[in-house]
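Notes to accompany the following structure.
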Amino acid sequence: TPLPMILGHEGVGEVAEIVGEKTDLFGRPLHEGDPVLWERGVMCGECYYCTIRKEPSLCPTRKTYGISYSCEEPPHLLGCYGEYLHLRSGHPMIKLDLDVAPEVLVPATCSGATAAHAVEQSALEPGDFALVVGPGPVGLFVLAQLLDAGAGEVWVAGTSADGGRLKMAGQFGASETINVDETSPDEIRDAVMERTRGVGANVIMDCTGYAPVVGHWIDLVAPGGTYSIPGIATPQDEISIELFRTLARKNVRLQGVWVSDTSHLWRAANLVAGGRYPFEKLITHKFPLEEATHALEVTESKESVKAVLLP
Ligand code: ZN
């Protein structure tokens, strides 16, 4: 993260000015005043991962608005904590015709897109039992994506500090919510095994972003299932797992999830706009741009689920 920087990689906006002509990715002309979404990542579109593997998330030169650009480099306005963001020509944009308030779409542009990517990679089958650990924005989006993809049942686990978020998980459709500070590992194991007739969880989505958590949950994955780690977005301490018993003997897949591409953004935006889940509840706080530091403090304290800046 090259400083100084304008932060902010999740955002929704309105076209202020266009140089030349520009269409959105459906070929619709964009005009000043149009509400728009855009891909937060800048991929080359020409490399092995962008073309042959069709996994632009893995583009080796991928950069992200609000994360990878210093505001010292032209055109300077490259993060969403600002009144203006300068998007490169050729950048994928979507003219918004979705029936939803702009601030409710903000988390779809990173948390939601990453969640869509995680569920796509999870090999979930209709009727599967899934467990989400960590009910933050990514976890709640994962919950909704799992249900939308046909999960038979989704349980969500969190800590006492996640109290409000666990309650929200129930409102999103989690069948059970587990407070790990009040429930022993044995009680959790017994409950999952009983509910799944001894099979275990077909998919576990670890959205905590905290590596030691893996050791607490990975044994609950059913043979043939997936343990996914969409929460891991920064370097972590090493962890130790016994490969034969944990993965090999059970055909279990340990799945990394790195960011997302425009298909996932589109899927997340549609999920939000579809109205089947109460995504408006995610936006617990709104602040003017001048209070961005306070917004970050509120986020760190977990007092908010999503705090949105309204520049
Ligand atoms: Zn590329």
Side-chain angles (χ1 to χ4, degrees), residues 1-3 5-13 15 18-28 30 36-82 84-96 105-123 138 141-142 145 205 207 209 226 228-236 253-271:
T1 50
L3 301 176
M5 175 183 298
I6 300 173
L7 292 169
H9 57 281
E10 296 189 331
V12 174
V15 176
I18 302 172
V19 179
E21 291 181 2
K22 172 73 180 169
T23 54
D24 80 349
L25 53 79
F26 295 102
R28 299 176 296 182
L30 289 174
V36 283
L37 288 179
W38 57 91
E39 165 61 46
R40 73 189 183 289
V42 178
M43 289 77 102
C44 78
E46 298 173 343
C47 71
Y48 171 74
Y49 289 102
C50 283
T51 59
I52 293 174
R53 295 299 298 259
K54 296 185 173 57
E55 291 188 75
S57 307
L58 299 176
C59 175
T61 62
R62 183 183 184 280
K63 289 191 169 188
T64 309
Y65 290 109
I67 294 179
S68 323
Y69 296 108
S70 170
C71 57
E72 280 186 335
E73 56 184 294
H76 310 291
L77 306 177
L78 297 167
C80 295
Y81 288 18
Y84 296 95
L85 174 73
H86 186 286
L87 294 171
R88 297 146 51 102
S89 68
H91 198 72
M93 296 175 72
I94 300 168
K95 182 150 115 178
L96 274 180
L105 277 172
V106 168
T109 63
C110 175
S111 314
T114 302
H117 191 189
V119 173
E120 177 183 86
Q121 289 182 321
S122 71
V138 171
F141 261 100
V142 161
Q145 297 275 4
M205 289 284 185
C207 306
T226 301
S228 176
I229 51 170
I232 301 290
T234 52
Q236 302 276 313
R253 174 207 314 238
L254 179 57
Q255 180 68 56
V257 182
W258 185 240
V259 299
S260 59
D261 65 32
T262 310
S263 72
H264 307 120
L265 165 66
W266 178 236
R267 215 175 296 163
N270 273 291
L271 186 74

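Along the sequence shown, residues carry numbers from 1. All ligand and atom numbering here is 1-based and tracks the order in the structure. Every heavy atom of this structure was used, including side-chain atoms; hydrogens, water molecules and symmetry mates were not.
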Whether over 12 other heavy atoms sit under 6.0 Å from H91 NE2:
yes
Should D24 and V36 count as side-chain neighbours, where that means a heavy-atom distance under 4.5 Å?
no
Using modelled atom types only, decide if a donor and an acceptor are shared between the side chain of T226 and the backbone of S122 within a distance under 3.5 Å.
yes
Which protein N, O or S atoms sit under 2.8 Å from the Zn ion (ligand 1)?
C44 SG, C47 SG, C50 SG, C59 SG
I would like to know whether C50 and R62 meet side chain to side chain contact (heavy atoms under 4.5 Å, CB included); could you show each step before the answer?
CA-CA 10 Å; C50 283; R62 183 183 184 280; over 6 Å; no
Within 6.0 Å of CZ in R53, more than 12 heavy atoms from elsewhere
no
Which is it for W38 and R88 under the side chain to side chain contact (heavy atoms under 4.5 Å, CB included) test, yes or no, and what are the steps along the way?
CA-CA 11 Å; W38 57 91; R88 297 146 51 102; over 6 Å; no
